[in-house]
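Note that the numbering runs from 1 along the sequence shown for the chain. Just so you know, these numbers use all the heavy atoms, side chains as well, and skip hydrogens, waters and symmetry mates.
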Amino acid sequence: MGRQLCRKIRAGVESTIAQGVQRCGLRRSRYRGLAKTSLQHQLTGAAINLARINAHIIQTPWARTRVSHFAALLPSK
């Protein structure tokens, strides 16, 4: 597998995990025990997928990324 392909896959996974942590509180489990925690993670993943499908259907625009200080110095076109 090429290095660039690995980076693309990792970037996708990292964004999914970040979305789960920020929006759904995946950093800490609500339950004790592997079975309940696993179920919580599966349901959270399903909820994230439904939210993404909904955003795709209603054509929600992507969030703007931040502009670095260096890029902000460029003159606007």
Side-chain angles (χ1 to χ4, degrees):
M1 215 187 291
R3 184 172 276 152
Q4 288 181 338
L5 181 59
C6 288
R7 285 183 186 158
K8 285 182 181 181
I9 292 171
R10 182 175 178 150
V13 171
E14 292 282 340
S15 66
T16 302
I17 292 172
Q19 186 177 9
V21 168
Q22 292 170 0
R23 293 188 179 179
C24 303
L26 276 182
R27 193 174 304 275
R28 303 196 114 194
S29 178
R30 183 178 186 143
Y31 305 103
R32 293 181 69 180
L34 186 59
K36 289 180 182 178
T37 301
S38 177
L39 180 62
Q40 177 191 352
H41 285 228
Q42 291 171 8
L43 292 174
T44 301
I48 290 171
N49 287 338
L50 289 174
R52 287 181 174 188
I53 290 169
N54 183 42
H56 179 72
I57 290 172
I58 63 173
Q59 298 178 348
T60 303
W62 289 60
R64 292 182 46 128
T65 57
R66 71 172 186 86
V67 178
S68 69
H69 295 295
F70 183 71
L73 294 175
L74 291 174
S76 60
K77 294 179 181 180

Rounded to the nearest 0.5 angstrom, the CG-CZ distance for Leu50 and Arg52 is 11.5 Å
Sorted by chain and number, sequence neighbours left out, salt bridge (charged side-chain N to carboxylate O under 4.0 Å, His left out) with Arg10 holds for Glu14
One should read off an interatomic distance between Leu43 CG and Ile48 CD1, to the nearest 0.5 angstrom, of 11.5 Å
In terms of heavy-atom contacts, Thr37 and Ser29 come closest through OG1-OG, 3.1 Å
Q.
Tell me whether Val13 shares a hydrophobic cluster with Leu26, the cluster being built from Ile, Leu, Val, Met, Phe, Trp, Tyr side chains joined at under 4.5 Å.
A. yes
Side chain to side chain donor-acceptor pair (under 3.5 Å) filter on Gln42, not counting sequence neighbours, yields Ser38
Residues Arg32 and Lys36: closest non-hydrogen pair is O-CD, 3.9 Å
NE2 of His41 to CG of Leu34, rounded to nearest 0.5 Å, is 9.5 Å
